[in-house]
Every structure is written in C-alpha cells, then in structure tokens.
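Notes follow once the structure below has been shown.
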Amino acid sequence: MIQNYEQHITYICPSCGRAVTRIISPFMFSGRKAIAVLCPVCMLPCFTLSNAGKSYRMDIQCIICGETHCIGFRKPDLWNKPLLTAKCENTDVDYCFIGDADKIRSAFEKAKNDIAELQLEEEEYFDDYIPADGDEAVGALIAAICESLHILSEDNSLSCRCGNKKIHITVIDDNIFIRCNSCGSTKLFKPTDDFLDELYQAESFIFNKK
C-alpha cells in the first residue's frame with residue numbers, strides 16, 4: 001500500500017550541470033504511462049520515468065560516464081523507502097537520489113566528493129599516460145592536449161555545437177576522444193602539435209562545429 005504520495009528526487013542535469021531537486025508523486029502518471037522530467041533551469045529533459053506494471057523504469061543520462069542507464073524500482077520502494085539511489089554502471093558511484101530530503105542531502109554530498117575524486121584520478125591518468133608504442137614524447141603530447149581541454153572546460157570555454165558545456169574527455173587507442181554529455185555527439189582528435197597549438201591559442205573551443 002502506498003503510504004507516502006510524494007518523494008524528493010535530486011540529480012544533476014546532464015545538459016546544464018546544475019543540481020536539481022524536484023518532488024514527484026504517483027499522480028503525475030494520471031492518464032500516462034511515462035513522464036519526462038525537465039530541468040527547471042534549462043527546461044531540457046533530464047530523465048524519463050515509465051510505469052512498467054509492478055515497477056517503474058527510469059531512463060537517465062549519467063552525468064559521470066555520459067551513457068544512458070536504465071534502472072528499475074519497485075513501486076512500493078519508490079514511494080516509501082527513505083532513500084533510493086541510481087548508480088553509474090561503469091564507476092559504481094551514485095548520481096541520482098530519491099526519498100527523504102535530509103537523507104538525500106547527506107548522500108548527495110558524499111557523491112559529490114566521489115565524483116571529484118574520479119575527476120582527479122582521470123587527470124592524473126592523463127599525466128602518466130603511456131601510449132601503446134611506449135613513445136614518451138607522444139604520451140607527453142597527449143597529456144598536454146588533455147590538460148588544455150580540461151582547462152578550457154573548467155573555464156566553461158569548451159562546448160559542443162549543441163551549446164552544452166558538460167563534455168567528457170578520455171583517450172582511446174592513443175587518440176583524444178571527446179563526447180557531449182547532452183546530445184551524445186563524439187569526435188576523435190589525433191594528438192598533433194598543431195592541435196595542441198590551436199588549443200593553446202584558443203579562448204574557446206567548439207568540437208563538432210559545422
């Protein structure tokens with residue numbers, strides 16, 4: 001039996017990167033099998049919650065890895081448990097929280113620290129990156145490019161052509177891989193001195209621009 005008809009839900013908008021807390025209730029499903037919850041700041045969809053019979057299915061874009069995860073919650077749990085979380089399948093870090101406002105606040109603060117540690121580990125990984133052929137000069141070039149991209153990102157000067165500034169940077173097969181966490185656009189850049197010089201001179205950088 002449903003005893004509590006409202007729950008708080010806190011998440012980070014994958015489009016604008018702001019932390020958002022909303023209140024959801026089963027009445028939101030009146031006449032609908034699925035609801036798309038929008039960010040009240042940028043008004044873009046953050047996740048979809050679907051009525052799947054005895055459970056609810058949440059499809060939500062992960063702000064940690066950029067992938068869309070599908071998570072199931074039993075209906076009694078969603079409306080009555082003091083705290084439910086959605087974890088990133090690739091890092092095991094919580095990034096969405098449902099339940100009591102005080103318990104969410106505590107869990108969310110811990111998650112922010114976990115996410116910050118992941119970002120630091122990623123930056124350190126780039127510093128120590130060794131390419132497949134063991135060429136230290138190429139490794140240093142890749143690290144310098146990734147550092148430049150991170151600096152632009154921290155200054156909100158790195159963006160996708162869709163306008164989103166939450167960008168994921170990683171290295172795949174000795175190439176720099178950039179993915180937009182909003183529209184999913186991706187692009188691979190080869191580590192070249194020309195690309196590094198372009199980043200050094202740029203006040204802003206838009207990848208996948210037309």
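From a predicted model like this one, the values you see are computed outputs, not experimental measurements.
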Atom CG in L141, atom SG in C146: separation rounded to 0.5 Å?
9.5 Å
Working to the nearest 0.5 Å, report the span between CD1 of I167 and CZ of F207.
4.5 Å
Under the side-chain hydrogen bond (donor to acceptor under 3.5 Å, both in side chains) test, residues paired with T68 that sit two or more places apart
none
Output all residues satisfying salt bridge (Lys or Arg N to Asp or Glu O under 4.0 Å) with D100, sequence neighbours left out; order by chain, then residue number.
none
Nearest 0.5 Å, what's the NZ-OG1 distance between K103 and T10?
14.5 Å
Which residue pairs pass the ring pair (Phe, Tyr, Trp, His ring centres under 6.0 Å) test with at least one member in residues 30-49, sequence neighbours excluded?
Y11-F47
Least distance between heavy atoms, P191 atom then I145 atom:
CA-CD1, 3.6 Å
Could you work out, with side chain to side chain contact (heavy atoms under 4.5 Å, CB included) as the rule, every residue matching S153, not counting sequence neighbours?
L158
If the condition is side chain to side chain contact (heavy atoms under 4.5 Å, CB included), which residues does D94 pass it with, not counting sequence neighbours?
T85, K87, F97
Does D102 have any salt bridge (Lys or Arg N to Asp or Glu O under 4.0 Å) partners at least two apart in sequence or in another chain, and if so, which?
R105
So does D174 get a backbone contact from the side chain of K190, meaning a donor-acceptor N/O pair under 3.5 Å?
no
Exercise answer: donor-acceptor pairs, residues 28-45 side-chain atoms, under 3.5 Å, sequence neighbours excluded:
from: R32; atom 1: NE; to: M28; atom 2: O; distance (Å): 3.4
from: R32; atom 1: NH2; to: M28; atom 2: O; distance (Å): 2.6

Can you name the residues that form a salt bridge (Lys or Arg N to Asp or Glu O under 4.0 Å) with R57, not counting sequence neighbours?
D59
Crowding at CD, E109 (>12 non-hydrogen neighbours, <6.0 Å):
yes
So, taking the atom named CD1 in I169 and the one named CZ in F189, what distance separates them when rounded to the nearest 0.5 Å?
10.5 Å
Same cluster (ILVMFWY, side-chain, under 4.5 Å), I151 and F177
no
Who passes salt bridge (Lys or Arg N to Asp or Glu O under 4.0 Å) against K81, sequence neighbours left out?
none
Please list, chain by chain and in numerical order, all residues satisfying side chain to side chain contact (heavy atoms under 4.5 Å, CB included) with S55, sequence neighbours excluded.
A52
Which heavy atom of A202 sits nearest a heavy atom of L152, and at what distance?
O-CD2, 4.0 Å
Using atom types as modelled and distance alone, determine if a side-chain donor or acceptor of N164 lies under 3.5 Å from a backbone N or O of C160.
no
Side chain to side chain contact (heavy atoms under 4.5 Å, CB included) between L78 and Q7: does it pass, once the steps are laid out?
CA-CA 8 Å; L78 187 68; Q7 286 280 55; 5.7 Å; no
Atom pair CD1 (I71) and CG (L84), whose distance is rounded to the nearest 0.5 Å
10.5 Å
Short question: side chain of D194, backbone of L196 - any donor-acceptor pair under 3.5 Å?
no
Set out, in order, the CA-CA distance, both residues' side-chain angles and the distance that settles side chain to side chain contact (heavy atoms under 4.5 Å, CB included) for I104 and T21, then state yes or no.
CA-CA 10 Å; I104 286 176; T21 296; 5.6 Å; no
Side chain to side chain contact (heavy atoms under 4.5 Å, CB included) filter on S106, not counting sequence neighbours, yields none
Is there a donor-acceptor pair closer than 3.5 Å between any side-chain N or O of E6 and the backbone N or O of I23?
no
Testing the basics here: between I24 and W79, what is the closest heavy-atom pair and its distance to 0.1 Å?
O-CZ3, 3.6 Å
What verdict does the side chain to side chain contact (heavy atoms under 4.5 Å, CB included) test give for C46 and V20, after you've listed the backbone C-alpha separation in whole Å, the side-chain angles of each residue and the deciding distance to 0.1 Å?
CA-CA 10 Å; C46 291; V20 178; 5.7 Å; no
Let me confirm one number: the SG-CD1 distance from C96 to I12, rounded to the nearest 0.5 Å.
10.0 Å
Begin with the C-alpha distance, continue with both residues' side-chain angles, and end with the deciding distance and a verdict on side chain to side chain contact (heavy atoms under 4.5 Å, CB included) for K75 and N51.
CA-CA 9 Å; K75 287 186 175 180; N51 188 339; 2.8 Å; yes
Identify, with sequence neighbours excluded, every residue that meets side-chain hydrogen bond (donor to acceptor under 3.5 Å, both in side chains) alongside D197.
none
